[in-house]
Amino acid sequence: MTDNVPFKHLYLVDGSGYIFRAFFGIPPMTRPDGTPVNAVFGFTNMLLKLRDDMEADGIAVIFDAGRSSFRMDIYEEYKSHRPEAPEDLIPQFALIREATDALNLPQIEMQGFEADDLIATYARQAKEKGIDVTIVSSDKDLMQLVEPGISMMDPMKNKIIGPDEVFEKFGVQPDKVVDVQALAGDSVDNVPGVPGIGIKTAAQLITEYGDLESLLERAGEIKQPKRREKLQDNAEMARISKQLVTLKQDVPVEVPLEGFATREPVAEVLRPFLEVNAFRSLLARMAKRLGDTPMEVADEAASEDGDPEYELVQDEEALVKWIADAKLKGTVAVDTETTSLDAMSANLVGISLSTGGNKACYIPLDHIAISESGDGGLDLLGGSADRPKQIPKARAIELLKPLLEDPSVLKIGQNIKYDMVIFAQNGISVSPVDDTMLLSYVLEGGMHGHGMDELAELHLDHTTIKFKEVAGTGKSQVTFDKVSLDKALDYAAEDALITYRLHAALKPRLVPEKMATVYETIERPLVKVLADMEQRGIKADRPFLHRLSNNFAQRLVDLQSEIHEIAGEPFTIGSPKQLGEVLFDKLGLPGGKKGKSGSYSTGADILEGLAAEGHTLPTKVLEWRQLSKLKSTYTDALQDQINSKTGRVHTSYAQAVASTGRLSSSDPNLQNIPVRTEEGRKIRDAFIAEDGYKLLSVDYSQVELRLVAEIAKEDALRQAFIDGQDIHAITAHQVFDTPIEGMDPMIRRQAKAINFGIIYGQSAFGLAASLGISRKDAKDYIDAYFGRFPGIKRYMEETKEFAHKYGYVKTLFGRHIHVPSINEKNPMRKNFGERAAINAPIQGTAADIIKRAMIRMPTALDNADLSAKMLLQVHDELIFEVPEAEVEATSEVVRSVMENACDPVLKLSIPLTADAGVGRSWGEAH
DNA sequence: CGCATCACG
DNA sequence: GACGTACGTGATGCGC
């Protein structure tokens, strides 16, 4: 456990509380468009003072997430009397969030918990680490937290609230405040308390009896008959009240304390915010920070259209200047140039930085100059290379490390996971980070790709220099270390500058477009988790793969002869064209042409049909294809993918590729390792644990079907899951009217196919094809299904309608998935869009859930003192490498984190369940 | 480089 | 009446 929190004094700002105080305490103000902004001004001003005058080095702004909280489960009436917010205050709620972002301060909220609980939790965490805490609020409900090391500050009066002030208010020391509140109640929050007892009496009673429980136990001793009676009659109400007023200090918060180190505001974000709201006094005060004198501000803004200034950094002096500038600005775009797209085998060649404006630099570190022979005379053995002037790599790393690890400097990257892995290889743990690729992904997922070239075109109307233009293409392509420094400068510096500008264009959109939560609580924290998994890799048994490969090879040779024998001539079995000609022309099997290529279709379904008619050739070909696939894609390719340094396989997870929010895996893809056939499953035995360790695999049971039931609010299905019943059997029972007892496995199989087909919006045609039944039967099944589960039908219709109207659909966690094809004229594409729209919320919510589990996993394991490492994710499954002695405990922690991954944001009406398996290999564990 | 095929959830 | 027909991925080999 690291206790390295980068600040000494943490200010926890009660954002929700402040806005009300400011609204009533500051005279009305409006900005030019008439929007009231008095509370926003007060808030912004207060935060600026906090960070500048108080020199606060740690600040977090905490908000209430919504109206509901766990307290309503305790007492339904809690806060039920709250009047609506005044009309002039309502538009200011969103602006306050913007202000927080503009000041580059973290804003924290969690569904199900009030701001007060989050404040209590963070205050406790900070105190445990020896950090002083000031709670910026005057809310009496927070006074229970005051203790040595934790104080409060009234932001309107600028007054410190310590134990004396709390005593003045409640008549007891802070640690007894909840007992007093429990007795006295609170009409504003609708906490009942005991009738007839106010703060004065409560304080007196608590002082006399010690605490609430003792008082209630000894209530009989009270002399005043009325008071005694009231206390005895309302003991339970008092206990409930105490629960209501006691703040939760162990909320499973997602943002760690370390994230609250104060960061400099980003001028490009703060300036427009202050301008739009016409906060002129603040603009003037911030002029320096926003880019020196106002005149220079104007100059800089103008120069962004001018030619970029790229600097080649070749000595320490120049590098130190850039580092100082980045530190001053608090934000820097970073990009690495390497020798490979595979981060685990790449060598760092250079680093580019940009701090905005029109400036960027490139720091070459490991370039090789191919000398143009003729002048020096040293160059004899053609192609001998020497190094151009560069800062020694180790020295540059040493200088950059403090900046890249500085919690008060935001590092921006485009696909920064890659750079994080590169830096990690060089001993640098980059933090905190923002990723323009992920910003684009959460804002415009499904609309287009999220590569830098595309984003630059789209948002900046700028055509980037292509990698091919500097490194060449095809056979003559060279690695980046062989690119000349002038070309490398133009290419690399541009990448950093574009990244900086993309950040300025995209980040401010998060809050107004309501994507801040998805970005901040899911995608951004996941980057580090994935980077760690990729670096860890999984051990692969090369000799085993080799033997398997030879075995497949032998059988392929035999099969090949048999196939050629039956065909009567040798041909390339792997060529669908040649195979089709052999099957349908030469042997005259029934079948037809298909597809634009004009060739016969020879897919597995066709061959299976032919095989069922008793033809031997298709059977042999199917077997050949299976083995050929296993050999080329798995047993052969995987051996080549074993990293020579680590002896392990390191996949790469793409976080911004799948439109639904899923991850994808490549190089190699470890999300499609065979499992469905016995032969294929053997490949899983090649993935093994280190000696003394086991592999643990935990997968969600039927997540997507559970989510369909949940999202569609389909009670019949929900009940089945709540009761833990066999969902496919239930479906069969409903659709075919078959008793569940002694059900024919074939019937259940059909129901299973229907269940999955539904998730994808399958038609009668598709179901008929996948079950090999008539279309009429398929249609009857589907009709019966919708008849029994009308909620599903309704969900499908409503989702299509929503997608047509808005062009996107949403997951339960608020992720937007754009489905542009839904409004196309071409009915085929439109239908395609509709099916995608139906599926996306389901697949996407499942993706959100497992991502949440993954983010929490390292901390959960650490807290349980377990050293297991998460290695792989396969959509609904997580794979860990676990010390043998910790298997049981780890299994429980992992399951619990996975099953509770929706907490506390979302309360599903059905449980999620996860099943664990353990083994020496992945095959055994599954 | 597009297409067909097939591996996974 | 025809058209097409289940969502989301990545890797491989063929053939142009």
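To find a chain, count down the sequence lines: A is the first, B the second, and so on, and within it residues start at 1.
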Discussion item. Quiz question: by atom type and distance under 3.5 Å, do the side chains of A:Arg555 and A:Asn551 form a donor-acceptor pair?
Written reply: yes
Worksheet entry | Test: A:Lys779 and A:Asp783 ion pair at under 4.0 Å | yes
Worksheet, complete the sentence: A:Arg706 meets the salt bridge (charged side-chain N to carboxylate O under 4.0 Å, His left out) criterion, sequence neighbours left out, with none
Response to the item:
Contacts of A:Arg829 meeting salt bridge (charged side-chain N to carboxylate O under 4.0 Å, His left out) (sequence neighbours excluded), chain-then-number -> A:Glu824
Discussion item. Please give the stem ranges for DNA chain C, sorted by first residue number, where a stem is three or more consecutive Watson-Crick or G-U pairs and both donor-acceptor distances are under 3.5 Å.
Written reply: B:1-9 with C:7-15
Discussion item. At less than 4.0 Å, is any side-chain N or O atom of A:Arg835 found next to OP1 or OP2 of C:dT5? Yes or no.
Written reply: no
Practice prompt. Output all residues satisfying salt bridge (charged side-chain N to carboxylate O under 4.0 Å, His left out) with A:Glu924, sequence neighbours left out; order by chain, then residue number.
Written response: none
Discussion item. At a heavy-atom distance below 4.0 Å, what parts of residues 760-775 of chain A sit against DNA chain C?
Written reply: A:Tyr760, A:Gln762, A:Ser763, A:Phe765, A:Gly766, A:Ser770, A:Arg775
Worksheet item: Are A:Tyr441 and A:Asp435 close enough that a side-chain donor and a side-chain acceptor fall under 3.5 Å?
Response: no
Discussion item. Any donor-acceptor pair under 3.5 Å linking the side-chain atoms of A:Arg625 with those of A:Thr602?
Written reply: yes
Worksheet item: Are any non-hydrogen side-chain atoms of A:Tyr795 and A:Ile838 less than 4.5 angstrom apart?
Response: yes
Worksheet item: Just by distance, with hydrogens left out, do A:Glu834 and A:His804 show a side-chain donor and acceptor under 3.5 Å apart?
Response: yes
Response to the item:
Winner on side-chain proximity to A:Val675, out of C:dC7, B:dT5, B:dG9, is B:dG9
Discussion item. Counting C-beta onward and ignoring hydrogens, is there a side-chain heavy-atom pair between A:Phe687 and A:Asp685 closer than 4.5 Å?
Written reply: no
Worksheet item: Does anything in residues 603-611 of chain A reach DNA chain B, meaning a heavy atom under 4.0 Å, and if so which residues?
Response: A:Gly603, A:Ala604
Response to the item:
The side chain to side chain donor-acceptor pair (under 3.5 Å) partners of A:Asp342 (sequence neighbours excluded) come to A:Ser345
Discussion item. Tell me every residue that passes salt bridge (charged side-chain N to carboxylate O under 4.0 Å, His left out) with A:Arg794, counting only those two or more places apart in sequence or in another chain.
Written reply: none
Item to complete: Please work out if A:Arg662 contacts a base, only the sugar-phosphate, or nothing of the nucleic acid, heavy-atom cut-off 4.0 Å.
Response: base
Practice prompt. Indicate for each nucleotide in nucleotides 9-16 of chain C, in 5' to 3' sequence, whether protein heavy atoms under 4.0 Å reach the base (B), only the sugar-phosphate (S), or nothing (-).
Written response: SBBSSSSS
Worksheet entry | Inter-nucleotide C1' distance (C:dC3, B:dA7), Å rounded | 30 Å
Polar atoms only, N or O, under 3.5 Å: list the protein pairs with nucleotides 1-3 of chain C and their distances.
none

Discussion item. Classify A:Ile759 by what it touches in the nucleic acid, base, sugar-phosphate, or nothing, heavy-atom distance under 4.0 Å.
Written reply: nothing
Worksheet item: Does B:dA4 have OP1 or OP2 sitting under 4.0 Å from an N or O in the side chain of A:Arg625?
Response: no
Worksheet entry | Close residues, residues 838-855 of chain A, relative to DNA chain C [heavy-atom separation under 4.0 Å] | A:Asn839, A:Gln843
Practice prompt. Among residues two or more places apart or on two chains, list those pairs meeting salt bridge (Lys or Arg N to Asp or Glu O under 4.0 Å) that have a residue in residues 649-660 of chain A.
Written response: none
Worksheet item: Mind checking the P distance from C:dG4 to B:dC3? Whole angstroms is fine.
Response: 16 Å
Worksheet item: With rounding to whole Å, what would you report as the distance between B:dC6 and C:dA2 at their C1' atoms?
Response: 31 Å
